[in-house]
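Working notes, beginning with the structure itself.
Residue numbers begin at 1 in each chain, while the letters A, B, ... track the order of the sequences.
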Protein chains: 2
Amino acid sequence: MQPSDSLREQIIAQYDAMSAQLQQAARYVLEHPEEVALVSMREVARLAGVQPATMTRLAKFLGLPGYDELRAQHAAALRQGSDGFAAKVRQRVDEGSERGACDTASHMLQGLSAQLAKLCEPDSLRQLEATATRLRSARKVYVLGLRSCHAVAWHFHYVMTLLGERSVHLDGPGGTGGDGLIRATSEDVLLVISIKPYATGTLELAQLAKDKGAGIVSITDSEVSPLVGMSAQTILCPTETDSFFHTLTPALAVSEVLCSLLAEFDRPKTLDALQQADDHLSHLNTYATAIPRRQ
Amino acid sequence: MQPSDSLREQIIAQYDAMSAQLQQAARYVLEHPEEVALVSMREVARLAGVQPATMTRLAKFLGLPGYDELRAQHAAALRQGSDGFAAKVRQRVDEGSERGACDTASHMLQGLSAQLAKLCEPDSLRQLEATATRLRSARKVYVLGLRSCHAVAWHFHYVMTLLGERSVHLDGPGGTGGDGLIRATSEDVLLVISIKPYATGTLELAQLAKDKGAGIVSITDSEVSPLVGMSAQTILCPTETDSFFHTLTPALAVSEVLCSLLAEFDRPKTLDALQQADDHLSHLNTYATAIPRRQ
DNA sequence: AGATATTTGCAACAAATAAATCATTTAAAT
DNA sequence: ATTTAAATGATTTATTTGTTGCAAATATCT
């Protein structure tokens with residue numbers, strides 16, 4: 001929360017060596033770090049009761065190239081303070097001056113890690129639980145995710161088939177994916193996954209399901225996603241990376257959490273279902289080794 | 001923590017009535033409130049990918065006198081968030097006070113976050129880089145992942161098709177998935193994804209590819225995975241969770257990192273390829289460009 | 001299809017900004 | 001008390017900022 005602790009400590013350490021005006025400026029900076037980050041230098045100077053030039057001189061006195069650097073450091077501190085838990089993980093390799101592949105990879109993984117951590121915030125958790133509850137009471141759960149979101153949709157459906165036979169994946173060869181909705185009713189729920197850019201097919205099918213009275217719950221990327229308006233529950237998850245592509249890792253994580261919550265709702269039933277799946281698959285020699293029993 | 005909730009809600013409420021550029025600007029503002037408070041308008045515009053003027057227009061559209069007011073409100077929110085412990089205390093309380101579902105969800109997400117962070121260790125990063133390098137030089141990249149690993153395999157393949165035409169997904173209807181390997185040569189590489197329990201189909205196909213002289217690289221879950229022995233490069237990623245299921249989130253993250261590294265190897269070519277994909281998809285109206293206005 | 005709004009990109013502008021420069025004051029040393 | 005050095009204030013300068021006006025492009029409606 002403090003602006004780049006090292007800088008703060010440096011100001012304190014060198015305070016005694018400063019001239020009167022410099023001390024007055026430094027004191028204000030220490031006591032009002034947010035202002036330094038948020039308002040112009042001249043305004044900070046006015047608030048601190050010193051000349052604008054004094055702020056420049058303070059920055060140089062601290063060994064910085066200019067006042068902008070002083071502001072930048074305070075801004076960075078404020079940024080980190082704002083988005084909570086997430087930032088901590090990132091702190092380590094912030095300024096990767098070296099552009100190696102390992103650095104790129106590391107930076108990206110840390111970013112993803114931070115995004116998952118961010119999903120632990122109360123708002124997200126509440127949405128997760130509400131969505132799981134809604135899915136739990138559905139007669140059938142239709143799952144829809146096209147293009148990049150196919151991966152998430154399919155994985156959710158796959159896990160659900162291990163748990164029972166309520167899940168219907170809206171996908172298939174020959175463009176027949178939507179046919180699953182033919183007998184959809186108001187007792188059913190459609191889980192739809194879509195991130196920007198939103199596939200038209202996804203939106204159309206979701207609208208169709210809604211027209212049929214089915215409940216809609218969604219995993220998407222923004223409050224202003226077109227899915228938000230038509231969904232009874234929405235789980236928001238970040239998709240930004242510093243690479244060319246959007247990430248689906250948080251969306252997959254969310255999907256996995258949903259599966260877990262659904263499984264936990266009725267443990268005995270879940271164990272039964274997994275046992276059945278186990279038997280079935282081992283009869284088919286699907287796996288090189290039998291599915292290990294998990295409690 | 002959010003910028004003056006009323007303003008935020010107003011942006012969301014009026015979002016549908018905005019033009020495309022305005023929406024893009026508004027979306028960035030919603031998703032990066034700290035940046036709005038901390039950097040100049042022109043910089044925000046650059047980050048959001050819109051013209052500077054659009055930011056001014058956004059502010060006026062929202063009924064504000066100018067952009068400065070937009071920034072001021074975000075700055076005020078950030079000021080509160082930073083030194084007001086109140087928000088965070090409230091979060092902690094909310095979190096601690098209640099329910100099992102939220103706890104399990106939170107715990108699971110934190111676990112996943114930690115697993116991704118662990119992938120940043122030097123050993124893993126080296127494997128990632130080596131694997132990316134190997135994939136880079138391949139004539140064709142076959143991608144194989146069955147059952148639960150289908151999600152990861154498909155997503156990798158999907159991204160690779162956006163980048164070029166080297167990728168072949170070994171999957172398809174009617175059990176013809178393996179046919180892609182008919183003309184595989186020693187210039188090719190097979191990326192195989194499999195976690196315990198290992199699908200026999202995966203191992204057989206991988207062995208077949210190896211017999212044909214293709215290079216094998218793999219994403220798997222253990223040093224003692226059957227894939228390790230037949231692979232030139234292996235990336236290990238954790239799959240443990242405290243729920244009934246194994247997680248594929250780390251595997252997906254690894255796959256995404258690989259895609260990024262491959263994309264970074266030749267940025268200009270990547271940008272060209274993405275542009276082509278973009279053109280193609282927009283001709284097909286694959287994506288909803290504007291969200292239908294509601295009066 | 002043509003006509004009419006609306007949206008969008010570009011360039012120019014005035015205002016404000018941080019830094020550099022110079023002049024004046026203040027403190028310290030001889 | 002005079003000289004010298006440092007500190008402070010005022011002024012100037014080159015950028016950068018947010019805004020506005022206008023033409024091209026796009027969408028919308030008869």
In this structure, how many angstroms lie between the P atom of dA6(D) and the CZ atom of F61(A), rounded? 13 Å
Is it the case that Q21(B) and T54(B) place a side-chain donor and acceptor less than 3.5 Å from each other? no
Figure out the CG/P separation between L58(B) and dT8(C), and round it to whole Å. 12 Å
Check DNA chain D against residues 35-46 of chain A and give the residues with a non-hydrogen atom under 4.0 Å, in numerical order. none
Got a donor-acceptor pair under 3.5 Å from the side chain of R57(A) to the base of dG9(D)? yes
Please confirm whether the shortest side-chain N or O distance from Q51(A) to OP1 or OP2 of dA7(D) is below 4.0 Å. no
Nearest whole angstrom, please: distance from the P of dT8(D) to the CE of M18(A). 12 Å
Taking 4.0 Å as the cut-off, does a side-chain nitrogen or oxygen of T56(A) come that near to OP1 or OP2 on dA18(C)? no
Contact under 4.0 Å: K60(B) side-chain N or O vs dT19(D) OP1/OP2: no
Euclidean distance, atom CD of residue Q23(A) to atom C1' of dA7(D) [Å, nearest integer]: 13 Å
What contact category does A53(B) fall into here, base, sugar-phosphate, or nothing, at under 4.0 angstrom with non-hydrogen atoms? base
Could you state the atom-to-atom distance from CD of Q21(A) to C1' of dT25(C) in whole Å? 12 Å
Determine whether the side chains of D278(B) and Y287(B) contain a donor N or O and an acceptor N or O closer than 3.5 Å. no
Under 3.5 Å side-chain donor-acceptor pair for E240(A) and H32(B): yes
In this structure, how many angstroms lie between the C1' atom of dT17(D) and the CG atom of L70(B), rounded? 16 Å
Have Q207(A) and D211(A) got a donor and an acceptor in their side chains that come within less than 3.5 Å? yes
Please state how far atom OH in Y67(A) lies from atom P in dT16(D), giving the value in whole angstrom units. 18 Å
Would you check if there is a donor-acceptor pair between the side chains of E256(B) and T249(A) at a distance under 3.5 Å? yes
CA sep, side-chain torsions, deciding dist, call: K118(A), E121(A), salt bridge (Lys or Arg N to Asp or Glu O under 4.0 Å): CA-CA 6 Å; K118(A) 205 171 194 171; E121(A) 284 176 4; 5.9 Å; no
Just the rounded figure in Å: distance from C1' of dT8(D) to CD of Q24(A). 12 Å
L170(A)/V143(A) under side chain to side chain contact (heavy atoms under 4.5 Å, CB included): CA gap, chis, key distance, verdict: CA-CA 6 Å; L170(A) 297 181; V143(A) 188; over 6 Å; no
